[in-house]
Amino acid sequence: MVKFKELNLEGEKEKKSGSEAEKKHKSETEKTKCLIIGSGPAGYTAAIYAARANLNPILYEGMQPGGQLTTTTDVENFPGYPEGVSGTQMMEDMKKQAERFGTDIRFGEATGADLSKSPYKITFDEEKVIEADTVIIATGATAKYLGLESEQKFKGSGVSACALCDGFFYKGKDVAVVGGGDTAAEEALYLSGICSKVYLIIRKDHMRASKVLQESVLNTKNIEILFEHSTKEITGDEVVTGAVLLNSKGEEVKIEIDGFFVAIGHKPNSDVFKEYLETDKSGYIITEPGTPKTKIKGVFACGDVMDPRYRQAVTAAATGCMAALDAERYLGTRKF
Ligand code: NDP
């Protein structure tokens, strides 16, 4: 008798836990009219517009909440800030503005996508699935590395792709920055204010950076530019202590440094969507010219993930706005 009761209880327990598992599974899939992926100027601007249009957007912040601007110095070219503003502050302000109108902001990274049919399914952190009538991709771009073995070895112990994040650790020390574009120039200038000496390693015989930045770099005494140099190896035992470069004649040039900053451009974060969306050879999502519309109806791309040309906070914000407006229009023309 007792046994029977016990068995029965076990059965009940099983039934209960089964339905709990079902509930849990269901709770892992949510539905929304508008899903925004990314939390840079494009993502937050899309959220502000979508929330104000009553689309109740869900926004996933991704791996770097606030996006690339949180790793920059003052932003002086975003209209409305006559005195300039720190990148982090600007992103916090945008986030607050998106929240004020009811955007549901969450931490998580898109790890999978099924855009084969509507509602589109996006998986976050490999477990949570969101079904969305419209998807706004604002995943931005990520820093590129040289691809050296030694670079991998010293990542986090002397090699960095963000002077603003890590420059402080090299106070009073010698460092190198590789790259000849605006990012490299800005990073070299930033580091020149903290470090004793900054080598700027440029593979060509000229810089690609804007004239203003080039002049600033040239006029900074503790920046030494090494034109026509490439990096063969970053050296050290536990941490970086130097680098071996190759000059235009193929000769080795050794420098002693404690930090090595890579500033050679970015890769658009489009891999998760590539199976369904057209991208250019660098991976930038291709949209209908002049719009954030991808080839899939209801799926939009905005900001640096689709813009190889301008890549500015203000242009990213503008395309974020366009994406939200187009999402709203698309939802208005369809019955779900
Ligand atoms: P860019 O693509 O403009 O420049 C990349 C630099 O890295 C180039 O000098 C390139 O050399 C060099 N490079 C690339 N690969 C390698 C490699 N394997 N080894 C050595 N050097 C390499 O990237 P940025 O990140 O500098 O800028 C991206 C965009 O963002 C640009 O449009 C820029 O104007 C903008 N930006 C604007 C800022 C501002 O206005 N304040 C600040 C930062 C960026 P090469 O020239 O030989 O190809």
Side-chain angles (χ1 to χ4, degrees), residues 40-42 64 67-79 81 84-88 90-91 140-152 155 159-165 167 176-193 198-218 220 223 225-234 243-248 250 253 255 257 260-269 280-284 303-319:
Q64 190 181 16
Q68 291 176 82
L69 274 188
T70 56
T71 66
T72 197
T73 34
D74 281 358
V75 180
E76 295 186 325
N77 51 12
F78 199 92
Y81 294 97
V85 61
S86 85
T88 308
M90 192 167 96
M91 296 324 297
T142 305
K144 281 187 194 165
Y145 284 87
L146 296 170
L148 300 171
E149 234 175 75
S150 49
E151 186 185 45
Q152 282 297 323
K155 252 190 207 171
V159 171
S160 165
C162 176
L164 267 143
C165 319
V177 175
V178 59
D182 283 333
T183 304
E186 274 195 345
E187 300 228 326
L189 287 167
Y190 175 73
L191 290 166
S192 71
V198 181
Y199 293 98
L200 183 55
I201 306 163
I202 299 174
R203 65 180 174 184
K204 289 200 174 132
D205 63 357
H206 61 272
M207 285 182 82
R208 190 197 285 202
S210 62
K211 278 277 168 282
V212 180
L213 282 172
Q214 283 194 39
E215 272 164 30
S216 303
V217 167
L218 288 166
T220 305
I223 298 180
I225 306 180
L226 299 170
F227 284 112
E228 294 188 273
H229 279 68
S230 59
T231 310
K232 186 181 173 197
E233 202 190 351
I234 301 155
V244 181
L245 314 178
L246 292 176
N247 67 16
S248 59
V253 176
I255 55 171
I257 47 166
F260 185 89
F261 290 86
V262 188
I264 60 166
H266 293 80
K267 179 187 178 298
N269 299 319
D280 72 6
K281 64 177 182 350
S282 307
Y284 287 93
D304 284 14
V305 74
M306 51 71 83
D307 176 15
R309 189 163 174 186
Y310 299 105
R311 293 183 285 195
Q312 296 300 301
V314 71
T315 51
T319 54

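First listed ligand is number 1; within each ligand, the first listed atom is number 1. We count residues from 1, following the sequence as given.
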Keeping Glu228 on the side-chain end and Asp205 on the backbone end, is there a donor-acceptor pair under 3.5 Å?
no

Looking only at distance, does Tyr310 have an N or O less than 3.5 Å from an N or O of ligand 1?
no

Strictly distance-based, threshold 3.5 Å: is any side-chain N or O of Glu187 a donor or acceptor partner for the main-chain N or O of Thr183?
no

Side chains of Phe260 and Ile201: closer than 4.5 Å at any heavy-atom pair?
yes

Among Glu186, Arg208, His229, which one puts a heavy atom closest to atom 10 (C) of ligand 1?
Arg208

Output yes when the distance from some N or O of ligand 1 to some N or O of Val178 is under 3.5 Å, and no in every other case.
no

Distance under 4.0 Å to a non-hydrogen atom of Lys204: what atoms of ligand 1 satisfy this?
45 (P), 46 (O), 47 (O), 48 (O)

Answer side chain, backbone, both or neither: which part of Lys144 comes under 4.0 Å from ligand 1, heavy atoms only.
neither

Which is it for Thr231 and ligand 1 at heavy atoms under 4.0 Å: side chain, backbone, both or neither?
neither

Please could you name the atoms of ligand 1 that Gly179 approaches to less than 4.0 Å, counting only its heavy atoms?
7 (O)

Before signing off on this row, confirm whether Asn77 and ligand 1 have an N or O atom pair separated by under 3.5 Å.
no

Close side-chain approach of Tyr199 to Leu245, heavy-atom, < 4.5 Å:
no

Any donor-acceptor pair under 3.5 Å from Asp182 side chain to Ser210 backbone
yes

For ligand 1, is any non-hydrogen atom under 4.0 Å from His266's backbone (N, CA, C, O), its side chain (CB onward), both, or neither?
side chain

Identity of the nearest option to atom 13 (N) of ligand 1, non-hydrogen atoms only, from Ile202, Thr183, Ile264, Asp205
Ile264

Could you check if a side-chain atom of Ile223 sits within less than 4.5 angstrom of a side-chain atom of Leu191, using non-hydrogen atoms only?
no

Would you check if Leu213 and Met207 make a side-chain contact, meaning some heavy-atom pair closer than 4.5 Å?
no

